[in-house]
Participant: 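There's a structure below that I have some questions on.
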Amino acid sequence: METIIVKNEPPFLRITLNRPDRLNAINKKMIEEIRTVLEETVKDEKVRVIIFTGNGRAFSAGADISQFKELEGLTAWQFAMKGRELMDYIENYPKPTIAMINGYALGGGLELALACDIRIASDEAQLGLPEITLGIYPGFGGTQRLLKLVGKSRTLEMIMLGERISAKDAERIGLVNRVVPSNDLEKETLNLASKLAERPPLAIQLSKLIVNQGMNSPITVGLNMESLGWGVIFTTKDSKEGVNAFLEKRKPNFKGE
Ligand SMILES: CC(C)(COP(=O)(O)OP(=O)(O)OC[C@H]1O[C@@H](n2cnc3c(N)ncnc32)[C@H](O)[C@@H]1OP(=O)(O)O)[C@@H](O)C(=O)NCCC(=O)NCCSC(=O)CCO
């Protein structure tokens with residue numbers, strides 16, 4: 001891989017964006033490489049949690065602006081679709097995803113973090129959607145995912161002003177799940193990931209699917225999916241294991257079956 005470092009350390013797969021001299025700016029190659037790794041890992045049962053982070057002082061400073069010179073109407077649309085398809089793929093990935101935000105998460109970098117299930121940020125991180133300062137606006141799903149996460153007026157403020165906000169402010173408005181001292185970022189992320197890895201993978205997958213569907217549907221659709229999904233989840237061995245373990249006063253051992 002040219003643009004990312006992949007560490008497969010079951011139960012975790014860590015994808016580190018690795019263009020530190022460009023603050024991990026996301027180019028076409030990086031989009032393709034992330035997609036390839038995720039596709040290869042989807043059936044790897046040993047991997048239970050995906051962690052994204054960045055090498056150096058940024059998570060990612062966004063799409064690679066040096067590639068923008070080549071963009072015109074059609075190619076701009078195609079590039080936006082390429083980025084957006086990756087973010088959609090991450091959002092709907094059947095395993096839990098964590099963005100471990102170690103520094104700048106800007107533009108497409110923040111949009112990648114927004115596609116993850118959980119965002120944990122260093123207290124030194126800065127987040128923002130500065131596209132407006134380039135005369136454009138977010139194109140990798142940020143207009144919609146930020147809206148769903150923090151509401152209309154905060155989204156418009158971030159998009160229209162293009163200013164960076166601190167990790168603490170991001171936590172206050174619900175943009176990140178938690179903020180930790182930068183020295184503890186890795187430890188805290190792995191603690192969180194370990195807990196997720198112990199949970200039943202099929203119940204995680206199904207609940208993620210239902211929550212994601214519920215974000216984009218009338219509440220009755222989400223509620224129907226939730227109750228219908230019970231008919232599926234109760235067929236799994238993990239559901240029997242979880243109930244038995246509780247009744248037998250022991251720790252469950254979920255196998256994703
Ligand atoms: C992140 C900033 C504020 C950091 O500033 P600073 O610490 O001063 O570091 P720089 O010298 O600016 O950056 C180091 C090096 O990285 C290059 N770089 C940074 N960001 C990008 C990028 N997005 N694309 C390409 N290259 C980038 C920068 O040019 C430097 O290279 P040198 O060769 O050493 O000069 C600051 O870097 C910044 O504001 N970056 C841009 C943030 C941005 O506008 N992001 C949105 C991009 S559009 C997008 O994401 C569309 C999808 O919705």
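Note that this is a predicted model, so its numbers are computed, not measured. Computed from heavy atoms alone, side chains included, the values below leave out hydrogens, waters and symmetry copies. When a ligand or atom number is given, it counts from 1 through the structure's own listing order.
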Participant: Which protein residues have a heavy atom closer than 4.0 Å to any atom of ligand 1, listed by chain and number?
Facilitator: D21, R22, L23, A25, R57, A61, G62, A63, D64, I65, F68, Y104, L106, G107, G108, E111, P130, E131, L134, P138, G139, F140, R164
Participant: Contact between R84 and D88 at the side-chain level, heavy atoms closer than 4.5 Å - yes or no?
Facilitator: yes
Participant: Report the residues that fulfil side chain to side chain contact (heavy atoms under 4.5 Å, CB included) with E248, sequence neighbours left out, ordered by chain and then residue number.
Facilitator: N244, R250
Participant: Measure the CG-OG distance between N18 and S60 for me, rounded to the nearest 0.5 Å.
Facilitator: 12.0 Å
Participant: Report the residue from L112, I50, L38 that forms a side-chain contact (heavy atoms from CB on, under 4.5 Å) with T97.
Facilitator: I50
Participant: Return a table of donor-acceptor pairs under 3.5 angstrom between the side chains of residues 126-142 and protein atoms on other chains or two or more places apart.
Facilitator:
{"unit_1": "Q126", "atom_1": "OE1", "unit_2": "R164", "atom_2": "NE", "d": "2.7"}
{"unit_1": "T133", "atom_1": "OG1", "unit_2": "P130", "atom_2": "O", "d": "2.6"}

Participant: With sequence neighbours left out, what residues match S227 under side-chain hydrogen bond (donor to acceptor under 3.5 Å, both in side chains)?
Facilitator: none
